[in-house]
Amino acid sequence: MMSDDHNDNRYDFRTIEAKWQRRWEAANLFHVENNSDLPKFYGLDMFPYPSGAGISVGHCAKNYIPLDVACRHKVMQGYNVLHPMGWDAFGQPAENEAIKQGRNPREMVPEYAANYKRQLKLVGISYDWDREINSSSPDYYQWTQWIFLVLYKRGLAYRATTPINWCPSCKTGLANEEVVNGRCWRCGSLVEKRPMPQWYFRITAYADRLLEGLDRIQWPEGVKQMQREWIGRSEGAEVDFPIVFPEEGPAAEAEPETIRVFTTRPDTLWGATFMVLAPEHPLVDRLTTPEHRAEVAEYKEWVQRVSEIERQNVERAKTGVFTGSYAINPVNGEHIPIWIADYVLMGYGTGAIMAVPAHDQRDFEFARKFGIPIRLVYRIAEDQTEAAMTEALPAGGTMIAGPFAGAPNDKTTVNKVIRWLEEQGIGEGRINYRLRDWLISRQRYWGAPIPIVYCEKCGEVPVPEDQLPVELPDVESYQPTGTGESPLAAIPEFVNTTCPTCGGPAKRETDTMGGSACSSWYFLRFTDPHNAQAAFSQEAVRYWMPVDLYAGGAEHAVGHLLYARFWTKVLYDAGLVPVDEPFMRYRNQGMMLAYTPGREIRRDEAVTPGDEDDESDEPIENWKVLRPEERQTIPPDQWVWRWVKMSKSKGNVVTPDEMAEKYGADSLRLFGLFVAPFEETVQWTDKGIESAHNYLNRVWRIWTDLRPHYRPDWREALAGIGPFEQWPEAERSLRRTLHQTIRKVGDDIENFRFNTGVAALMKFTNDLSQFRNALGSKAPTDTQATLLSEVLETLTLLLSPITPHLADEFWERLGKEGFTYKQPWPQYNPEIAAEEAITIVVQVNGKLRDRLVVAAETPTAEVERLALESEKVRAELNGKQVRKVIAVPGKLVNVVIG
RNA sequence: GCCGGAGUGGCGGAAUGGCAGACGCGGCGGUCUCAAAAACCGUUAGGGGCGACCCUGUGUGGGUUCGACUCCCACCUCCGGCACCA
């Protein structure tokens, strides 16, 4: 009955896994062709920056393994599956790591990538390594540059000088999306503003289409919402306020000039009692009267000193100064004072607002602080007065001023007012976005050079396509300079070139592109990774795109995922790709946390910038990870343990190498799927993988116990053992569960509900174990042997996507050739999977009182009758009236009494 | 403050209008063993009862419904994101 414990019957996962990995490699099992009659499926992981720490069990269990299971399942379902992997090797993460290690990224990156590759193979991920790409190799970035030129030619890449986000530690400009809470995404340093000439991609031109496309893709609602907010569309109007210039001076002679404001509430124009300009607004100097000059200058200087973070602190009291000038409210001719204040931002709208304190909380606070009048445009109650207000009026009320008096406070009124403003020539409807253009210049070495040259005669000239790539020169020293120029500026052989147009002397652009440019099209390159004539062939992208299933981390919600959508739309417009949304289905996985020693820190204690691992190293409230040297000096009884994300910088990484050695890759795979739902954050414990390992041991034992009963000809034998309905109950029941399990596991993999899929497998294994125990050492009947053969074969195939090494070993032990990867996914028979007897719940007034087991086909009326006859119901009834009987077919009967 | 997501045994979690706690971890009891481990069998929400059973229970308070973990309203807590965007 029990398994004998001879060594040759142990689950020897180390031997098994090494053996099958060798065979898969030898057979080039995961190679995929672009042409196939089969339907295609494109499953994609976000390609990683290969860090020196290698991958952790977190990356394996939460990212790579679940998608691998989904892809393997698709292959078995008969799809031609593209499941590639490559390296996001250009950019700050890799370069910062190289600087820290004192190494050349050219050597370091391939070394780290090779280690990643080894680890991914170690856990049995089914990548087609023939398609491996590296964004820092010239045959890749040549095409990144080529796409830059596509954008350039379409007017979507431009150079401009504006204040940019500057990281003083990384010594480079950053895109808005790379500034997290006012800090650099890589090193956590506070970001400064610096005016510099920089290259931008005009992503704002695609704002509306980036919004619209979100409605057509299956992404988590949270991520879509984040993108919508990041794009920040708001509808309103722009209104011109004529300026009353200070007495004499040249301006007084000229046409009356105006200040344009953007407002989402033009219906409150009648309550505008002052105007506020951003301190950086270009008109400020001309508007400032002599007696206010000193105060205004002092304020502007103060604003510049205050950090961006401080300025954005909402809790802070309002600040500002009066310019001495007035503007004319165009709807009522009133003169209203013009102030400057840092709560108005130059970068949004027109950098100027009309202030309506009665209906805007910020304006209200400002008006109260500086004694500016407040005037209601809407009133909710008859006796409402401005003097009694303690905050701006919330939504609602009826308009009491202007030609629209009596109108309700709603969207329709706003639209009416906009139309009226347009008729009066005062203003016009206008839509504004929070999204800013994408800053792509980096003053760094390790990136794709921007393919532009500057000619004295011809000006800015794009490098012709046939001169690509603009190669990144190999240099000794590549450290960022901090001068605002990249290290490439110091290399005359790189900088000095000839103009492609006139042949005269010219200088190259020395900034490189940020890494996010490289990662905005890599999914296209995977379709045709070795094409030397084009970024990708039309044939390849038409076959493979869009990506059907994309999995990655939530931190890319408004960075990479927005950029990649933008590039895809541009390439779509250029007729280069067949789809305008690259990722049809996107899922983001939860994090893996590790229990980590740290120590309490004081709130004012300096935060050391983090290292160049995959996140900044900010303390959690008042707690900080112990650095290795601190673990030596601080006694363990003073350590304060917390659950924090696994990362190299925290010294808490558990590697797949050690887990594969101790429990096996298949155990790690099973653990990753079973421990929690895909999206959930998981706390790592060795106990988790240990229990997965125990389950596989159990499967091994049960499977090998039953193996002797296997009959390869079981399909034919099925016909000879009588109809299924006449099988003995135990056999019928096991077979029913088997077919239910086939359905459940397949559905759950499809829906990324791996944990319940694995639970179903475990449940089936428990049933199978019972069956085996009941069989004991008796010889099985024909029915039993046939059933067990079906079970052995099916179980093996169900395990294949999840624990592929073990599955292939079983497959071989059944005497089969080849690999389970190439086998069709088992089909379930709905008739066999259907329950024969069902349990009907009997409730009285909604409370469970009894259960009835009836044949599935029992008519509802009969079930009702049985329920009313039930002793439990009759006891409850006890003389009371049956008011109503509710019967849900196949589920329950609820008897309402009273 | 605003926008998302979540709150269920000792723990990870299952059930999305119809049997709350699948599956696993941990615990308890047993078989085997000189013993232990492993394995196997049983048990395990809380309270009550010798017992068949009974009562209570899904963050809190209301509501809708024959029936609510599930839907609606208000609130509390936690996680993630945004944050003076006019």
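Every chain is numbered from 1, with letters handed out A, B, ... down the list of sequences. All heavy atoms count here, side chains included; hydrogens, waters and symmetry mates do not.
With hydrogens and angles left out, the side-chain atoms of Tyr695(A) and Ser667(A) include no donor and acceptor closer than 3.5 Å. In summary, the side chains of Thr204(A) and Asp437(A) do present a donor paired with an acceptor at a separation below 3.5 Å, with no hydrogens or angles considered. For Glu365(A) and Tyr343(A), the side-chain atoms include no donor-acceptor pair closer than 3.5 Å.
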Inset, instruction - In sequence, state the C-alpha distance, the side-chain angles, and the governing distance for Tyr378(A) and Thr268(A), and then conclude on side-chain contact (heavy atoms from CB on, under 4.5 Å). - result: CA-CA 8 Å; Tyr378(A) 290 92; Thr268(A) 62; 4.2 Å; yes
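Base pairing of A74(B): its partner is U60(B), meeting the Watson-Crick or G-U wobble criterion (both donor-acceptor distances under 3.5 Å). Of the nucleotides present, none pairs with U65(B) by Watson-Crick or G-U wobble criteria with both distances under 3.5 Å.
Centroid-to-centroid, the aromatic rings of Trp703(A) and Tyr11(A) stay 6.0 Å apart or farther.
Across the protein-nucleic acid pair, Gln361(A) atom CD and A86(B) atom P stand 15 Å apart, rounded to whole Å. When the P atom of C84(B) is taken as reference, atom CD of Glu391(A) falls 20 Å away, rounded to whole Å. Atoms CH2 (Trp230(A)) and C1' (C3(B)) sit 14 Å apart, rounded to a whole Å.
Screening Val873(A), Ile840(A), Leu852(A) against Leu866(A) for a side-chain contact (heavy atoms from CB on, under 4.5 Å) leaves a single residue, Leu852(A).
If you check C84(B), A39(B), C19(B) against the side chain of Lys318(A), the one that comes closest is C84(B).
Checked against side-chain contact (heavy atoms from CB on, under 4.5 Å), Arg743(A) has the following partners two or more places apart in sequence or in another chain: Gln740(A), Asp747(A), Tyr828(A), Ala833(A).
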Inset, instruction - Summarise how protein sits on nucleotides 8-18 of chain B as a single string, 5' to 3': B when a protein heavy atom is under 4.0 Å from the base, S for sugar-phosphate-only contact, - for no contact. - result: ----BSSS--B
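In G9(B) the base sits syn relative to the sugar, since the glycosidic angle is no further than 90° from 0.
For residues 841-854 of chain A, every residue pair satisfying the salt bridge (Lys or Arg N to Asp or Glu O under 4.0 Å) rule, not counting sequence neighbours, is listed here: Arg849(A)-Glu876(A).
Between Met646(A) and Leu593(A) there is no side-chain heavy-atom pair separated by less than 4.5 Å.
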For residues 883-898 of chain A, tabulate all N or O donor-acceptor pairs below 3.5 Å that involve a side-chain atom, not counting sequence neighbours.
{"unit_1": "Asn894(A)", "atom_1": "OD1", "unit_2": "Asn845(A)", "atom_2": "N", "d": "3.4"}
{"unit_1": "Asn894(A)", "atom_1": "OD1", "unit_2": "Gly846(A)", "atom_2": "N", "d": "3.0"}

Quick one: which protein N/O atoms are closer than 3.5 Å to N/O atoms of nucleotides 41-46 of chain B? Pair and distance per line, please.
{"unit_1": "C41(B)", "atom_1": "OP1", "unit_2": "Asn773(A)", "atom_2": "ND2", "d": "3.2"}

Distances under 3.5 Å between protein N/O atoms and the N/O atoms of nucleotides 52-54 of chain B, please, pair by pair.
none

